[in-house]
Amino acid sequence: MIILGLGGLHKEAACAVLRDGELLAAVEERKVARQVTGDALPQAAIMAALDVAKLRPADVNCVALVRPFAQQIHLTLRAQFPKSRTLMVEHHAAHAASAYYPSPFEQATVLTLDRDGDFRSAARWHAQGNQLLLEKDLYYPDSLGDLYSRVTELLGFNAGSDEHKVQWLSSADSGEQFLPLFDEILGSTEGLGTPDWPCINRSFFDADRLSQGGFSEKFYLRLALEDGAEIPAKLRAPLAAGLQHAIERVVLRMAGPSENLCMAGGLAMNALLISALEKSKQVFVQPAAGNAGTALGAVFYAWNNVFGQKKRAALNDLCLGPGYTAEQVKQVLENCKLKFHYLMTTEELLDRAVRDLNGEKIIAWMQGRMEFGPRALGNRSILASPLNAYSTENLNIYIKHRESFRKFAASVPEEMASEYFEAGPNARYLATVGRVRTPYRKIFDGAVLAEDAVRVHLVRRQDNPLFHQLLLAAGKATGLPVLYNTSFNLFGDPLVCTPRDAVRSFYSSGVDALYVGNFVVEK
């Protein structure tokens, strides 16, 4: 049976393909089309996913579509997939399915958290075997995601896209100054009882204020600021930290007593939140936890819940998008009239890359199939050596143009990670944070957040053999099998997908060398 899943329609549209319980492909529309499709079907993602899976539209037996959707889409699907049955999957059910079915648990609590998917902002499920049973849900405007977005805008960032900046900014402060304020906003005021689930105190918002998060005069008074005043720089990290810690406390209560917890939804993209939950629970977070990940949930839900299959699909790696042959890469490079070197063997490729990295160069590394989700896991990455302070400083400031509080990840072979870091299994997908061990604190200073926290990326040989080899080669040359890793994209664009995308980003940046397959381009 072949199931095609469509989720995240509007801004985060994506397509996934499952065949007999095996996930063959998952592609986001924005990465392949390089634009948002709006209300239309994500045709570029559909065609890319089918191509990766080596299937035709006529091969599809079921299309699982995550609500909300436009009415015309149903007619389009019938014409495009003539032999297919169409299923509608509720938004939070798709989030829940995306989290539980690929998890290692046979029984778990599943918590889904976002802004207002299908007017709901959270849901808790009991999962056992291949069944999901809804226990409790929460409706907008009682929304943790909405509050996080409001604070994002309040601090001068873009709501709906820059919430991750608030997360990383929060690591620069203890949060004690404004934790009581955010507890009160979330309905967690001491003395009035602390409900398991939030009940947002609307008196802190002004419905007529359409900017700065819509906070009310009462909120500004608690900050000792004039109503509507711009937030001074000295208060930004304390506000972000107060919000972050209040959210962590309420999510822990929402999760209930179960030892096993699965997470999805936009708020589950918060790596600091996942790290906090890991202190008391066994956690599995679906790594593409935002709305695009509901495409995965759609196929899993159809396979297990609707068709009653006992076999649960595995989520081994996230390299589920398009890949490109040497001939396809060569055509692009020649079409762009670029000089390039072709390295005949993998050994030559690794030797040259390590030599560049040790020579204080920053390299773009495009290999194999594109990752699904927002994080670069070694196939669409920009890399630098932690041993070279010059290149690591340039990586954040002059290439990514990011704020100093946004740190890059440290990629390390999983079997060698314990020497340098403390990190849990969710670090395999960059979905949590770890800790650097004391003897190596100075070496990794450029990537360290507060309290020695580091974005650790555990690389398994079976997930990404070539990237794993590169890390080992770096270790053989320097004694340190760790590379700094950040996503290969610039200026708010999604991860590069094609060789042409890679060339465009390479020549728009300060990256020194571009590695695409066995081809090397230098400036």
Side-chain angles (χ1 to χ4, degrees), residues 1-19 21 23-29 37-43 45-46 49-50 55 57-102 110 112-125 127 130-140 264-266 286 288-309 312-313:
M1 176 179 289
I2 295 167
I3 305 171
L4 184 141
L6 297 174
L9 298 184
H10 308 302
K11 292 195 301 182
E12 298 179 69
C15 177
V17 177
L18 188 80
R19 181 177 63 198
L23 190 61
L24 299 181
V27 182
E28 294 134 293
E29 177 76 3
T37 55
D39 291 334
L41 280 175
Q43 292 292 356
I46 291 171
L50 288 174
L55 297 170
D59 297 325
V60 176
N61 304 115
C62 174
V63 175
L65 180 67
V66 179
R67 298 184 299 187
F69 58 93
Q71 192 170 4
Q72 308 92 299
I73 285 180
H74 191 80
L75 297 175
T76 305
L77 288 173
R78 183 177 295 180
Q80 189 167 351
F81 301 98
K83 299 180 180 179
S84 174
R85 169 186 176 182
T86 301
L87 292 175
M88 301 301 165
V89 183
E90 188 272 327
H91 183 85
H92 275 268
H95 273 319
S98 78
Y100 173 62
Y101 290 118
V110 183
T112 60
L113 301 166
D114 62 14
R115 187 177 183 275
D116 60 350
D118 272 5
F119 303 105
R120 287 197 290 182
S121 57
R124 188 173 71 199
W125 313 70
N130 69 338
Q131 295 297 311
L132 283 166
L133 177 64
L134 180 64
E135 291 183 335
K136 191 171 184 177
D137 50 14
L138 189 69
Y139 284 83
Y140 186 88
Q286 197 275 96
N291 286 343
T294 61
L296 302 179
V299 294
F300 296 157
Y301 188 89
W303 175 250
N304 291 110
N305 261 62
V306 177
F307 295 112
Q309 299 293 324
R312 286 164 53 183

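Shortest non-hydrogen contact noted between A298 and G5 is CB-CA, 4.0 Å. Taking both residues in full, the closest heavy atoms of L77 and L65 are given as CD1-CD2, 4.0 Å, listed atom of the first, atom of the second, then distance. Nearest heavy-atom pair across L87 and C62 is CD1-SG, 3.5 Å. Closest of all the heavy-atom pairs between R85 and F307 is NH1-CE2, 3.4 Å. Here the closest heavy-atom approach between residue S98 and residue F300 is recorded as CA-CD1, 4.0 Å. Closest approach of P82 to Q80, counting heavy atoms only: CD-O, 3.3 Å.
Identified under the side chain to side chain donor-acceptor pair (under 3.5 Å) test for residues 293-303, with sequence neighbours left out: none.
D114 places a side-chain heavy atom less than 4.5 Å from the side chain of H92. The shortest distance between side-chain heavy atoms of R67 and D118 falls below 4.5 Å. The shortest distance between side-chain heavy atoms of T112 and W125 falls below 4.5 Å. The side-chain heavy atoms of S121 and D116, taken from C-beta on, include no pair separated by under 4.5 Å. Using a 4.5 Å heavy-atom threshold, the side chains of N291 and V66 count as separate.
Taken to the nearest 0.5 Å, the OH atom of Y101 stands 4.0 Å off from the CG atom of L132. The structure places CG of N130 at 7.0 Å from CG of N305, a figure rounded to the nearest 0.5 Å. Atoms CE and CG, from M1 and N61 in turn, are 6.0 Å apart once rounded to the nearest 0.5 Å. T76 contributes atom OG1, which lies 7.5 Å from atom CD of Q43 (distance to the nearest 0.5 angstrom).
For K83, the NZ atom counts as loosely surrounded, since its 6.0 Å shell holds 12 or fewer non-hydrogen atoms of other residues, nucleotides or ligands. Within a 6.0 Å sphere centred on CZ of R120, other residues, nucleotides and ligands contribute more than 12 heavy atoms.
Tested against L55, the residues L50, L4, V60 include a single side chain to side chain contact (heavy atoms under 4.5 Å, CB included) partner, L50.
Proximity of a side-chain donor or acceptor of R312 to a complementary backbone N or O of Y100 within less than 3.5 Å is detected.
Taking E135 as the reference, R124 meet the side-chain hydrogen bond (donor to acceptor under 3.5 Å, both in side chains) condition, with sequence neighbours excluded.
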